[in-house]
Amino acid sequence: MTILVINAGSSSHKAALFSPDWGSRPQWRSHLDWSREPGWVHLAAQTADGRSHRDRLQTQDPTLALRALIETLWQGPAAVVEGPTAIAAVGHRVVHGGTAYQHSVVITPDVKATIRDLCPLAPAHNPANLHGIEVLETLLSGIPQVAVFDTAFHSHLPRAAATYAGPYDWLLQGIRRYGFHGISHQYVAQRAADLLQKPLSTLNLVTCHLGNGCSLAAIRGGVSVDTTMGFTPLEGLMMGSRSGSVDPGIVLHLLRQGNLTATDLDRVLNQGSGLRGISGLSNDLRTIIDQAEAGHDRAQLALEMFIHSLRRHLGAMLASLDGLDAVVFTAGIGENSPLIWQAACEPWQWLGLRLDPTQLERCDRDRDIAAPDSAVRVFVIHTQEEWAIAQACQTALANRPAVPAPAAEP
Ligand code: ADP
């Protein structure tokens, strides 16, 4: 089945096409980026057989830009299909599914209404996701579309882990821990089980998704039983430009001082904090590491804080497990930073966790970097969220209730 996957974000969109001939490798992948140049959108598409298409569009209209991106599938140097009818289904990453969705679903008007209702809980993501769905509905009319939710994997959190200790009424209002990056945590957990050649249902894992956004999950028997992100993707670990958990009293203090509005605070906590806020340099860990090594004091502090935050949340995840079979590192930082693997694992030597010094180099292969005699395995796994979405899309379509045949005319 040829499946188009759309990951629509607030400042960039990614898309990938999976076809039976190419397996888990996208036959075509593309990227739209609004963040590089004011007033312009940058478009890039590449095919698995080495062709590419680049363009620069002078528009602020996201509908036009997304249409141009999708049309590169059948027009221009990166075309891979003859036309829209070659596509059997579209899978959309949707960040927030609230409590409504524990699995991927075929999109109907009711599903869209729920995604719209959840926009206040994910204002940077759900509106963009919904826009992607609506554009694709017009462009690929009649082709089934599936929503794959980033929250769904965490929908079985035990209630003690999911509930905030505010008034009980919060829970009734939907203020609870939802958790995010679920598509990635679920994919790498299954991949770790495959590498271990053991059923996921028998394993205790901590998965570490460390990219611009960072979150951990405690996975027991294939079920997410705790995770560091919460009601929004702001909670938990220190991140590239997000603060992670801070004392809510700080927010009250700043509001009481009266110099900041809720919008200012949103900007500070989401864009002006974390590695960028502390270092004053960048949200990119590579820059922070380079500058820390060069003696930049605030970069050193940012790096020490990032490591401290990672260790303390990793410890918190252990408390929800019955043991620990493996730690998994994934996403930009998790897949590429030997310094972070070592720093994150160092405190757990008393658990018998030891890394293999010969494996601590970047490499494109999913692999175990623990020492042969380590009591806990440590995997570096390349997350494949788009492939996971394509698979979830196929499952949702296979499980779709059959449409009853129309009654025969009397
Ligand atoms: P996103 O969350 O936006 O999808 P990614 O998963 O692509 O982000 O991660 C991006 C981050 O990965 C970059 O900001 C950078 O900090 C980090 N990163 C990438 N390569 C390395 C590396 N070799 N060493 C340390 N950090 C890296």
Side-chain angles (χ1 to χ4, degrees), residues 5-16 26 29-36 44 93 95 122 124-125 128-129 150 179-185 187-188 207-217 227-229 232-244 270-294 296 299-300 302-307 309-310 328-345 359-367 369 380-389:
V5 171
I6 307 284
N7 183 353
S10 50
S11 62
S12 72
H13 286 357
K14 292 181 200 157
R29 61 163 64 241
S30 66
H31 191 227
L32 266 187
D33 192 345
W34 282 268
S35 64
R36 284 168 52 181
R93 177 185 186 199
V95 165
H125 298 103
N129 303 153
D150 240 347
F180 298 90
H181 292 144
I183 299 165
S184 177
H185 286 295
Y187 171 79
V188 298
T207 50
C208 309
H209 180 106
L210 308 175
N212 276 314
C214 300
S215 70
L216 309 183
T227 188
T228 55
M229 283 182 170
T232 73
L234 190 52
E235 194 184 348
L237 296 164
M238 177 178 178
M239 308 180 211
S241 65
R242 283 177 240 165
S243 61
N270 278 298
Q271 291 162 33
S273 296
L275 295 174
R276 179 190 282 159
I278 295 297
S279 70
L281 295 172
S282 171
N283 62 328
D284 191 315
L285 188 69
R286 286 166 291 198
T287 309
I288 303 300
I289 292 173
D290 289 348
Q291 291 300 314
E293 282 170 4
H296 190 287
Q300 285 171 349
L303 183 57
E304 286 164 22
M305 288 171 63
F306 186 82
I307 290 168
S309 169
L310 180 53
V328 184
F329 291 104
T330 192
I333 297 171
E335 292 167 21
N336 294 301
S337 180
L339 183 148
I340 294 298
W341 306 332
Q342 290 172 85
C345 292
Q359 293 293 328
L360 303 182
E361 280 185 12
R362 292 181 56 212
C363 132
D364 286 339
R365 206 168 28 87
D366 293 345
R367 67 202 190 284
I369 59 168
V380 175
I381 293 179
H382 294 263
T383 193
Q384 298 209 45
E385 286 169 292
E386 284 145 1
W387 169 237
I389 292 170

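Remember, it's 1-based here, ligands and their atoms both numbered in the order they're listed. One-based numbering along the sequence shown.
- When only modelled atom types and interatomic distance are considered, His181 and Thr227 share no side-chain donor-acceptor pair under 3.5 Å.
- Residue contacts with ligand 1 include Gly213, since one of its heavy atoms falls under 4.0 Å from the ligand.
- Residue Ser337 approaches ligand 1 through these ligand atoms, each under 4.0 Å from one of its heavy atoms: 24 (N), 25 (C).
- Atoms of ligand 1 lying under 4.0 Å from at least one heavy atom of Gly332, given by number and element, are 5 (P), 6 (O), 9 (O), 12 (O), 17 (C), 18 (N), 19 (C), 20 (N), 21 (C), 27 (C).
- A distance-only check finds a donor-acceptor pair linking the side chain of Ser241 to the backbone of Asn270 [under 3.5 Å].
- When hydrogens are left out, the protein atom nearest atom 15 (C) of ligand 1 is Asp284 OD1, 3.3 Å; that is the closest non-hydrogen contact.
- Here the protein heavy atom with the shortest distance to atom 3 (O) of ligand 1 is Asn212 ND2, 3.0 Å.
- At least one donor-acceptor pair under 3.5 Å links the side chain of His13 to the backbone N or O of Gly9.
- Looking only at distances, no side-chain donor or acceptor of Arg93 sits under 3.5 Å from a matching main-chain atom of Asp150.
- Ser279 places no side-chain N or O within donor-acceptor distance of the main-chain N or O of Ala302, the cut-off being under 3.5 Å.
- Taking every heavy atom of Leu285 and a limit of under 4.0 angstrom, the matching atoms of ligand 1 come to 15 (C), 16 (O), 26 (N).
- Scanning His209, Lys14, Arg286 for the heavy atom closest to atom 21 (C) of ligand 1 points to Arg286.
- Taking atom 17 (C) of ligand 1 as the reference point, the nearest protein heavy-atom neighbour is Ile333 CG1, 3.4 Å.
- Side-chain atoms of Ser309 never come within 3.5 Å of backbone atoms of Leu237 as a donor-acceptor pair (strictly under, hydrogens ignored).
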